[in-house]
Amino acid sequence: MTIETKTISDLRRSLKGRVIGPQDAGFDSARTVFYGGIDRRPGAIVRVADPSDVSHAITWARETGVEIAIRSGGHSFAGHSISEGGLVIDLKEMRALEIDPERRTAWAETGLTAGEYTNAAGSHDLATAFGDTGSVGIGGLTLGGGVGYLVRKHGLTIDSLVAAEVVTADGTQVHTDAETHPDLFWAIRGGGGNFGVVTKFQFRLHPVPAFLGGILILPAAPEILAAFIAEAEAAPDELSTIANVMPAPPMPMIPEELHGRLVIFAMMAYAGEIEAGERVLAPFRRLAPPVADLVRPIRYPELYLPEEEGYHPTAAARTLFVDTIDRGVAQDILARLAASDAPVRVAQIRVLGGAMARVPFEATAFAHRTSRIMVNLAAFYAGEEDRAVREAWVSDFETALRQGDLGAYVNFLGDEGPLRVRQAYPGPTWDRLTAIKRQYDPTNLFHVNQNIPPNGA
Ligand SMILES: Cc1cc2nc3c(=O)[nH]c(=O)nc-3n(C[C@H](O)[C@H](O)[C@H](O)COP(=O)(O)OP(=O)(O)OC[C@H]3O[C@@H](n4cnc5c(N)ncnc54)[C@H](O)[C@@H]3O)c2cc1C
């Protein structure tokens, strides 16, 4: 049922936050999500002010039969934070952050972005591990797992999650941690927004007094790429890397003749003492004369690069895990990137392991602890006309790269169907998630997401 057939004035009366309907100023900007090409018109967007607003909104939607979408940072690849004709519970105005530097914990409302949180924590030389982009919401990122610049040193974002406040499908506000509703706490660490609206997370903070990081750009050749990955795997946990193999962007630090030519555009993140970090980075710098080397002692939050306001790319994308990138695989990656004429195309390679891999796979709903390398493939397209060719390219690329690991990281999935969601939650993880879903959301009220249906089918 859509909101057109109902009045939203009773909603307005019962909430402290703003209700934005299709006739209201700001509706179009409020319904815009990060990815372009997602043009849905919800019946109303509720900028909730507190957990009781969330509870009212859920109850209203449940009673009226209106579909709910939940939005934190709006960066879902599948557009899961907006629904056509439905009610969007938008956490944007809930951005309170209480940092306790003594106890090294923080309570963070889920409308915060990774960048906002990281900047605030950085002023105490503390950090929680989020992803590689400041504008991503801590809501969606944390609920799916969270793989970022500190993944090898401090694990996934969920590995620093201490507790959460959740409003469940019956409108109840629930506190959950390892002792209280432990099943719910397990499920929200990887299982996404299937179990309720999380209004607050409590995170552990880690000291980051010294940090060496930044952009290292190397020429793209099979032996250099394979050696880069081997070095990243052999490096101590302090170093996490994200290697984007892509055409060189027209940045001033890159010689003009290389613009548009394939390079390894790597983000290097060493969370430790500078001198030791320099020693760890030396072998990477020796792989080839760098095209650009901006790696230097920085404050950790500086690793988040500035972002363009109003940037809404349209992209075909795939995610997968691989076991190895040897010279042959590296050659294939470069050949496939060279064969595409998409102006922006990338194979993003993240070597995993370290702290992330030391957590037992059954400890949380993120089941890919032993996966070695994550690869994200993307080709941007300008209009619908070249969408099919970009989709075919990423799809063939994914098939060619597949080795034995069929898993998928839920936060990088697009709208790829139930089989891929199952691959995000293999075997016993799926069985436990569906049992917990039956308990907390038996009618699948929260289904605008990478869905875990209560019946498991
Ligand atoms: C440019 C870019 C860079 C990225 N980099 C990384 C990275 O380095 N590491 C990584 O792990 N991921 C990364 N991601 C993926 C990202 O983690 C997911 O897209 C994530 O779901 C986005 O969270 P969000 O809150 O911004 O998105 P939203 O679209 O608001 O939400 C995503 C999903 O989570 C649900 N949800 C959000 N908040 C809540 C809540 N409070 N309660 C219940 N459900 C909620 C939504 O309903 C939706 O299903 C990146 C994405 C983009 C676009």
Side-chain angles (χ1 to χ4, degrees), residues 32-36 38 40 48 51 54 58 67-83 86 88-92 94-95 108-117 129-151 155-158 164-169 187-188 190-201 240 242 244 267 269 303-305 307-308 311-315 317 319 346 348 350 352 356 366 368 374 376 378 380 409-415 421 424 440-441 445-452:
T32 303
V33 291
F34 176 78
Y35 273 101
I38 297 166
R40 296 183 199 136
V48 283
V54 174
I58 290 175
E67 184 172 74
I68 296 176
I70 312 162
R71 175 179 176 144
S72 169
H75 277 55
S76 155
F77 287 93
H80 280 151
S81 37
I82 192 105
S83 97
V88 177
I89 297 179
D90 185 344
L91 295 140
K92 196 185 175 65
M94 289 184 60
R95 293 215 302 280
E109 285 188 333
T110 49
L112 284 161
T113 64
E116 288 167 340
Y117 180 107
F130 293 111
D132 68 355
T133 301
S135 60
V136 171
I138 65 166
L141 181 125
T142 304
L143 292 170
V147 183
Y149 291 131
L150 300 173
V151 65
L156 301 172
T157 306
I158 50 171
E165 306 282 331
V166 188
V167 186
T168 53
I188 62 165
N194 274 283
F195 306 92
V197 179
V198 180
T199 54
K200 245 184 188 185
F201 292 121
S240 298
I242 299 182
N244 297 291
M267 295 301 295
L303 207 50
Y304 281 147
L305 303 177
E307 294 179 58
E308 204 181 305
Y311 177 60
H312 299 293
T314 42
T319 186
V346 61
Q348 181 190 74
R350 302 179 184 220
L352 304 171
M356 166 189 156
F366 179 96
H368 312 285
M374 180 160 67
N376 298 313
F380 287 18
Y409 172 40
V410 74
N411 269 353
F412 283 122
L413 282 182
D415 201 353
V421 183
Y440 286 94
D441 183 17
L445 190 70
F446 304 115
H447 61 264
V448 183
N449 47 35
Q450 301 293 357
N451 196 232
I452 298 162

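Bear in mind the structure is a predicted one, so any value in this text is a computation, not a measurement. Ligands are counted one by one from 1 in listed order, and the atoms in each one are counted from 1 as well.
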Sub-4.5 Å side-chain heavy-atom contact between His75 and Ser81: no

Main-chain N/O of Gly137 paired with Tyr117 side-chain donor or acceptor, under 3.5 Å: no

Check: Ser135 main-chain N/O paired with Glu307 side-chain donor or acceptor under 3.5 Å: yes

Those protein residues which place at least one heavy atom below 4.0 Å from ligand 1: Phe34, Tyr35, Ile70, Arg71, Ser72, Gly73, Gly74, His75, Ser76, Phe77, His80, Ser81, Leu91, Thr110, Gly131, Asp132, Thr133, Val136, Gly137, Gly139, Gly140, Leu141, Leu143, Gly146, Val147, Gly193, Gly196, Val197, Val198, Arg350, Tyr409, Asn411, Phe412, Val448, Asn449

Spacing of CZ belonging to Phe77 relative to CD1 belonging to Ile38, to within rounding of 0.5 Å: 10.0 Å

Aromatic contact, Phe446 with Phe195 (centres under 6.0 Å): no

Test item: His312 side-chain N/O and Tyr35 main-chain N/O as donor-acceptor pair under 3.5 Å: no

